[in-house]
Amino acid sequence: MKKLTKYVSLIITLVLAMSVLSGCGSSKSDKKKLVMATNATFPPYEYVDGEKYAGIDVEIAEAIAKELDMELQIEDVEFGSIVSGVQSGKYDMGMAGMTITEDRKKSVSFSDTYAKGIQSIIVAENSSIKTADDLSSDIKIGVQQDTTGDIYATEDYGESAITRFKSGADAVQALKTGKVDCVIIDNEPAKAYVSKNAGLKILDTSYADEDYAICFSKDNEELLNKVNDALKKLKDDGTIDKIVAKYIK
Ligand code: GLN
């Protein structure tokens with residue numbers, strides 16, 4: 001009997017210890033969530049590394065969430081559904097190497113800018129396309145759907161010149177197999193793709209210069225202001241420079 005009492009008290013102690021431990025674990029999720037929509041096919045800004053999301057935007061978002069005492073939750077969605085999802089309140093913010101454009105500003109508000117982007121042109125090493133001036137409506141241009149590369153190239157060269165892909169990686173694959181003659185995409189992802197795929201190069205001439213920012217619902221000015229304050233602090237204390245330097249050598 002005495003032995004049994006000893007076992008029972010041991011079990012009770014164990015159960016109590018486990019509930020205290022799991023309670024500690026869940027204290028993290030008591031924090032308010034900051035739901036960020038992104039498209040994790042855009043190295044070095046956002047990509048999947050093993051089981052985790054990694055990249056400049058991911059780390060800046062984590063630093064912002066820490067400043068706001070919130071818990072970051074990342075939703076990996078198609079690039080083209082970020083703005084509408086943020087506008088409808090499905091996500092708190094969109095961060096995806098996203099360029100501020102007048103058209104997007106009709107649907108969402110943008111934070112202060114935190115990085116610059118350049119639309120670059122990737123071609124095969126032996127391509128006859130030497131500069132941006134060689135692009136024309138007769139050339140097959142690959143783009144990632146709904147990006148500024150897609151929007152600007154469609155404006156400049158017409159619908160029939162454009163082949164749209166779900167990701168930059170798919171567009172680069174099509175370039176390698178000769179299905180398109182060039183790919184227009186942001187410079188840092190361009191560098192990342194070219195370094196991983198032999199036989200491709202980036203033209204020296206760029207196609208467009210842009211500013212990246214985080215987008216919010218127009219109804220959520222409070223969060224926008226808080227994020228701008230956090231961004232300012234992270235710029236001033238060197239955190240953003242440090243994160244960028246980790247990914248862009
Ligand atoms: N900067 C480009 C845009 O905003 C591409 C972004 C992306 O593909 N993630 O359209």
Side-chain angles (χ1 to χ4, degrees), residues 35-49 53-61 74-87 91 93-122 132 135 141-157 159 162-175 180 182-194 196-197 202-203 206-217 227 231 240 243-244 247-248:
V35 182
M36 157 181 160
T38 196
N39 174 252
T41 66
F42 200 67
Y45 289 95
E46 41 267 323
Y47 56 97
V48 179
D49 183 14
Y53 295 113
I56 295 170
D57 287 349
V58 171
E59 291 203 27
I60 294 177
I74 294 177
E75 297 290 336
D76 187 12
V77 299
E78 268 178 35
F79 184 78
S81 65
I82 297 175
V83 166
S84 58
V86 167
Q87 185 183 22
Y91 317 115
M93 64 183 206
M95 191 172 190
M98 187 181 284
T99 305
I100 304 172
T101 69
E102 290 310 312
D103 202 44
R104 289 174 185 160
K105 272 196 202 161
K106 289 180 196 153
S107 314
V108 287
S109 342
F110 280 98
S111 71
D112 295 333
T113 173
Y114 63 91
K116 293 224 170 275
I118 299 168
Q119 292 298 313
S120 298
I121 304 162
I122 312 178
L135 298 187
I141 302 169
V143 294
Q144 183 185 359
Q145 189 163 351
D146 297 317
T147 61
T148 43
D150 177 6
I151 298 160
Y152 301 155
T154 306
E155 270 169 24
D156 290 348
Y157 307 111
E159 194 64 44
I162 309 298
T163 311
R164 301 191 173 90
F165 298 90
K166 278 213 165 161
S167 70
D170 291 347
V172 168
Q173 195 51 39
L175 175 61
V180 295
C182 70
V183 168
I184 297 181
I185 192 167
D186 302 46
N187 58 325
E188 289 303 332
K191 283 189 218 160
Y193 286 128
V194 167
K196 287 214 166 69
N197 293 279
I202 301 170
L203 296 186
S206 62
Y207 183 58
D209 290 340
E210 332 190 297
D211 291 313
Y212 291 168
I214 310 170
C215 70
F216 297 86
S217 152
V227 168
L231 269 177
I240 294 196
I243 293 172
V244 171
Y247 290 93
I248 301 175

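Counting convention: from 1, in listed order, for ligands and their atoms alike.
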Please name the pair of heavy atoms, one in [X] and one in [Y], separated by the smallest distance, quoted to 0.1 Å.
{"X": "Leu231", "Y": "Ser111", "result": "CD1-OG, 3.8 Å"}
{"X": "Gly80", "Y": "Asp146", "result": "CA-OD2, 3.3 Å"}
{"X": "Leu135", "Y": "Cys182", "result": "CD2-SG, 3.7 Å"}

Per-residue contact class, Arg104 against ligand 1 - non-hydrogen pairs under 4.0 Å: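 For Arg104, only side-chain atoms sit under 4.0 Å from ligand 1.
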
Phe42 ring center within less than 6.0 Å of Phe79 ring center: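 No, the ring of Phe79 stays outside the 6.0 Å limit from the ring of Phe42, centre to centre.
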
Less than 3.5 Å between some nitrogen or oxygen of [X] and one of ligand 1, yes or no?
{"X": "Thr148", "answer": "yes"}
{"X": "Gly97", "answer": "yes"}
{"X": "Thr147", "answer": "no"}
{"X": "Ala96", "answer": "yes"}
{"X": "Thr99", "answer": "yes"}
{"X": "Tyr212", "answer": "no"}

For [atom], closest protein heavy-atom neighbour:
{"atom": "atom 8 (O) of ligand 1", "answer": "Gln144 OE1, 2.9 Å"}
{"atom": "atom 1 (N) of ligand 1", "answer": "Asp186 OD2, 2.6 Å"}
{"atom": "atom 7 (C) of ligand 1", "answer": "Phe42 CE1, 3.3 Å"}

Contact atoms of ligand 1, heavy-atom distance to Glu210 under 4.0 Å: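 Heavy-atom distances to Glu210 below 4.0 Å select 1 (N).
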
Polar side chain donor-acceptor pair, Thr148 to Arg104, under 3.5 angstrom: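 Checked: Thr148/Arg104 side chains show no N/O donor-acceptor pair below 3.5 Å.
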
Between Tyr247 and Glu59, a side-chain donor and acceptor under 3.5 Å: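 Result is yes, a qualifying pair exists.
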
side-chain contact (heavy atoms from CB on, under 4.5 Å) partner of Glu210, the single match among Asp186, Asn187, Thr113, Ile118: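 Exactly one candidate clears the test, Asp186.
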
Tyr114 and Tyr212 aromatic ring geometry - parallel, tilted or perpendicular at 30°/60° bounds: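 Ring orientation, 0 to 90° scale: tilted.
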
